[in-house]
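These notes concern the structure reproduced below.
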Amino acid sequence: MAAEPTAHALLQKHRPTLDQALEAIRTRAYWSPHPEHPKAYGENGSLDAAAGKAAFDALLGNRLDLADQPGIDDWVGGEVSPYGIELGVTYPHPDIDVLLPAMRAGQRAWRDAGAELRAVVCLEILKRISDRTHQFAHAVMHTSGQAFMMAFQAGGPHAQDRGLEAVAYAYAEQVRTPEQAEWTKPQGKRDPLVLTKRFTAVPRGIGLVIGCNTFPTWNGYPGLFASLATGNAVLVKPHPRAVLPLALTVRIARDVLAEAGFDPNLVALAAERPGEGIAKTLALRPEIRIIDYTGSTAFGDWLETNAHQAQVYTEKAGVNTVIVHSTDDYQGMLSNLAFSLSLYSGQMCTTPQNLLIPRDGIATDQGHKSFDEVTADLARAVDGLLGDDARANALLGAIVNPDVKARLEAAAGLGEVALASREVANPEFPDAVVRTPVIVKLDGAKPDDEAAYMSECFGPVSFAVAVDSAADAVELLRRTVREKGAMTVGAYTTDAATEQAVEEACLEEAAQLSLNLTGGVYVNQTAAFSDFHGSGGNPAANAALTDSAFVANRFRMVEVRREA
């Protein structure tokens, strides 16, 4: 087989990394093979900062060439950076009646390659993406509005970690069943029954990854690599405002597949014309057997209801809650919350929205603090964090789309404003829309306020909700997760009974909980190989990144048995 020398080289190169990833998901300890610091790049074939920026600039105003992808019937584009730059990149538009059959053609050889070879080919794709992290950082920044350092880390090494994590889980699930077994059943005085059984992991079909605007690589890589590693072809349909990072990913994947002796059409791009809505069309195609989606609840619900032929994995919207009951590190709590509310202008599915605070106040290491004092102190903490415009720009990034800006402006009319949002000028990108968070005080006992805090208000908007007691806070938390879902829950308490009640509520409603965070770990951040992103057990998401359930149903085991 022509690919054997390449296959052997890839196994030699990447098997140790795969083994480390398998150990990491077993122990849940900290591990990452992808450096977080920009200065770590520039050697062994990776692009340094200047080369990465130059590589990004070279893309602007040009076609992103996937000319060997079948069924190209047009070139489309139109991305405008949240920082005000027109990217001018165009991408191949697919004739799906041509592209989908071409994608299926290579699946037999990819299936027969086996779990190990598929895994190391995926690791080679990730390695080449990692080498271009600086280029990807600019691509993520100028499609999502993330500030550069966040785009570098979340769009680069953290996304690559999530992709590798998915490969590790996929490999572990496939090799759980041996490739071959000898089966002997005694028959007393007669000769035993003897069978030879062979087991093959068989892919479902073509996986469809429907990308999101805010975290195109971080949210796109788990599904992409989980499906590819389990033998499926993958069609990537990016968000129309965030095509570039995933288009670069597809180009690299196609190059690696071809070099390894496989059909490059195992990974393809589906960019769309303005307003085309190609995701709905693709989602109902019989060739599409797996769908990974991150985005609005409305479309996620539509996929779950209508795409019956596919296994659908969704991450939708939720209402994330933090209970503030008591703390032995008041300043640490305020600083931690201020950062969590500010990071990327709250445009994360994990950002806290509702802060449930007893109306009689909380106990702290600085004495009793009233509800009004807590909200005022939190407002000052956010102001202090973002008071310098340069620091504010580095944390906030840019507002990703006009809908977020409109929600932010409307939130001030929902109640008493504890912290008003302000505009921040960005000298490097004067057209960027940069806003600090708003904090609005609401009363958990007023039905008129409930409509606000029981709905997701995606963006830099948080509600300080007055509740009667810790028990009421836990009950409101429980109801919120059950009815609206939550990607994250946080709680601050020094009371063992309250802590136990919060923990039990999260266990029963399947919500990921962070307790008493006062240092450099934040409720809206998760670490691959250790933390689960979402649980799949509440309305915010029907899957978790990443667990065995996320990968196990992307393939089936098919048995061939023979008499020995």
Could you check whether Arg132 makes a cation-pi contact with Phe56, meaning its NZ or CZ is under 6.0 Å from the centre of the six-membered ring and within 45° of the ring axis? no
Ring pair (Phe, Tyr, Trp, His ring centres under 6.0 Å) partners of Phe136, counting only residues at least two apart: none
Regarding Gln525 and His158, do their side chains bring together a donor and an acceptor under 3.5 Å, going by distance alone? no
Could you check whether any side-chain N or O of Asn354 sits under 3.5 Å from a backbone N or O of Val465, counting only pairs where one atom can act as donor and the other as acceptor? no
Quick note, ring-ring contact (aromatic ring centres under 6.0 Å, His included) partners involving residues 396-452, not counting sequence neighbours, are Tyr83-Phe429, His142-Phe429
Under 3.5 Å, side chain of Thr364 to main-chain N/O of Thr327, donor-acceptor pair present? no
Quick one about Gln512 and Thr526 (side-chain donor to acceptor, distance below 3.5 Å, no hydrogens or angles considered), yes or no? no
Between Asp389 and Arg422 (salt bridge meaning N to carboxylate O under 4.0 Å), is one present in this structure? yes
For Arg359, give me all partners under salt bridge (charged side-chain N to carboxylate O under 4.0 Å, His left out), at least two apart in sequence or on another chain. Asp443, Asp468
Without hydrogens or angle criteria, can the side chains of Arg162 and Asn219 be said to hold a donor-acceptor pair below 3.5 Å? no
The reported gap from CG in Leu303 to CG in Asp292 (rounded to nearest 0.5 angstrom) is 10.5 Å
Of all residues at least two apart in sequence or in a different chain, which pass the side chain to side chain donor-acceptor pair (under 3.5 Å) check with Asp377? Tyr330, Arg380
Exam field: side chain Asn320 to backbone Cys349, donor-acceptor pair closer than 3.5 Å: yes
For the residue pair Phe532 and Tyr169, what are the closest heavy atoms and their distance? CE2-OH, 4.0 Å
Leu477 and Val481, any side-chain heavy atoms less than 4.5 Å apart: yes
Side chain to side chain, Val382 and Leu385, heavy atoms closer than 4.5 Å: no
Over all atoms of both residues, closest heavy-atom pair of Leu164 and Pro33: CD2-CG, 3.6 Å
If I compare all heavy atoms of Ile399 with all of Ser345, which pair ends up nearest, and what's the gap? CD1-CB, 4.0 Å
Would you indicate whether the side-chain heavy atoms of Asp161 and Trp31 approach each other to under 4.5 Å? no
In the structure I gave you, are the side-chain heavy atoms of Thr351 and Leu343 within less than 4.5 Å of one another anywhere? no
Salt bridge (charged side-chain N to carboxylate O under 4.0 Å, His left out) against Arg435, all qualifying residues, sequence neighbours excluded: Glu423
State the OG-CD1 distance between Ser370 and Ile362, to the nearest 0.5 angstrom. 9.5 Å
Give the table of side-chain donor-acceptor pairs shorter than 3.5 Å for residues 455-462, with sequence neighbours excluded, one pair per line with atom names and distance.
from, atom 1, to, atom 2, distance (Å)
Ser455, OG, Ala451, O, 3.0
Ser462, OG, Pro352, O, 3.3

Looking only at the side chains, is there a donor atom on one of Thr214 and Gln347 sitting less than 3.5 Å from an acceptor on the other? no
Backbone of Gly156 reached by a side-chain donor or acceptor of Gln160 within 3.5 Å: yes
Measure from the ring center of Phe339 to the ring center of Tyr522 and say whether it is less than 6.0 Å. yes
Check salt bridge (charged side-chain N to carboxylate O under 4.0 Å, His left out) between Glu416 and all other residues, then give those that pass, not counting sequence neighbours. Lys441
Considering only residues two or more places apart or on different chains, which pairs with a residue in residues 342-387 satisfy ring-ring contact (aromatic ring centres under 6.0 Å, His included)? Phe215-Tyr344
Side chains of Asp372 and Thr375: donor-acceptor distance under 3.5 Å anywhere? no
Test side-chain contact (heavy atoms from CB on, under 4.5 Å) on Tyr41 and Ser130; report intermediate values, then the result. CA-CA 9 Å; Tyr41 298 82; Ser130 177; 3.9 Å; yes
Just so I know, are the side chains of Trp218 and Thr294 near enough to count as touching, which here means a heavy-atom distance under 4.5 Å? no
So does Val551 get a backbone contact from the side chain of Glu173, meaning a donor-acceptor N/O pair under 3.5 Å? no
Search all heavy atoms of Ala21 against all heavy atoms of Phe529 and return the closest pair with its distance. CB-CE2, 4.1 Å
Is the count of non-hydrogen atoms from other residues, nucleotides or ligands lying under 6.0 Å from Glu508 atom CD greater than 12? yes
Run the numbers on Arg479 and Glu475 for salt bridge (Lys or Arg N to Asp or Glu O under 4.0 Å), then give the verdict. CA-CA 6 Å; Arg479 182 162 66 91; Glu475 183 54 36; 5.8 Å; no
Is there side-chain contact between Glu79 and Val243, with at least one heavy-atom pair below 4.5 Å? yes
With distance as the sole test, does Gln353 use its side chain to make a donor-acceptor pair with the main-chain N or O of Val319 at under 3.5 Å? no
Audit row: Met487, Glu315, side-chain contact (heavy atoms from CB on, under 4.5 Å) steps and yes/no: CA-CA 9 Å; Met487 295 300 293; Glu315 181 193 312; 3.8 Å; yes
Using the side chain to side chain donor-acceptor pair (under 3.5 Å) criterion, which residues pair with His325? Sequence neighbours excluded. Thr493
Flag for Ser227-Arg554: side-chain donor and acceptor within less than 3.5 Å: yes
Is the distance between the ring centroids of Phe299 and Tyr293 under 6.0 Å? yes
When you measure from the side chain of Ser144 to the backbone of Gln146, do you find a donor-acceptor pair of N or O atoms at a distance under 3.5 Å? yes
Taking all heavy atoms of Leu18 and all of Ala119, pick out the closest pair and write down the distance. CD2-CB, 4.0 Å
When you look at Asn401 and Val404, which way does the side-chain contact (heavy atoms from CB on, under 4.5 Å) test go after all the steps? CA-CA 6 Å; Asn401 63 53; Val404 174; 3.6 Å; yes
In the structure I gave you, are the side-chain heavy atoms of Thr480 and Met454 within less than 4.5 Å of one another anywhere? yes
Residues passing the ring pair (Phe, Tyr, Trp, His ring centres under 6.0 Å) test with Phe555, sequence neighbours excluded, are none
Sidechain-backbone polar pair: Gln174 side chain, Ala170 backbone, donor-acceptor under 3.5 Å: yes
No-hydrogen, no-angle side-chain donor-acceptor test under 3.5 Å, Thr350 and Thr488: no
Arg241: which residues meet the side chain to side chain donor-acceptor pair (under 3.5 Å) condition with it, sequence neighbours left out? Asn213
Using the side chain to side chain contact (heavy atoms under 4.5 Å, CB included) criterion, which residues pair with Asn516? Sequence neighbours excluded. Tyr492, Glu499
Given side chain to side chain donor-acceptor pair (under 3.5 Å), test Thr494 with Asp328 step by step and report yes or no. CA-CA 7 Å; Thr494 58; Asp328 57 8; over 6 Å; no
Walk me through it: do Val324 and Leu378 pass the test side-chain contact (heavy atoms from CB on, under 4.5 Å)? CA-CA 12 Å; Val324 182; Leu378 179 57; over 6 Å; no
Note, Leu476 side chain near Tyr453 side chain (heavy atom, < 4.5 Å): yes
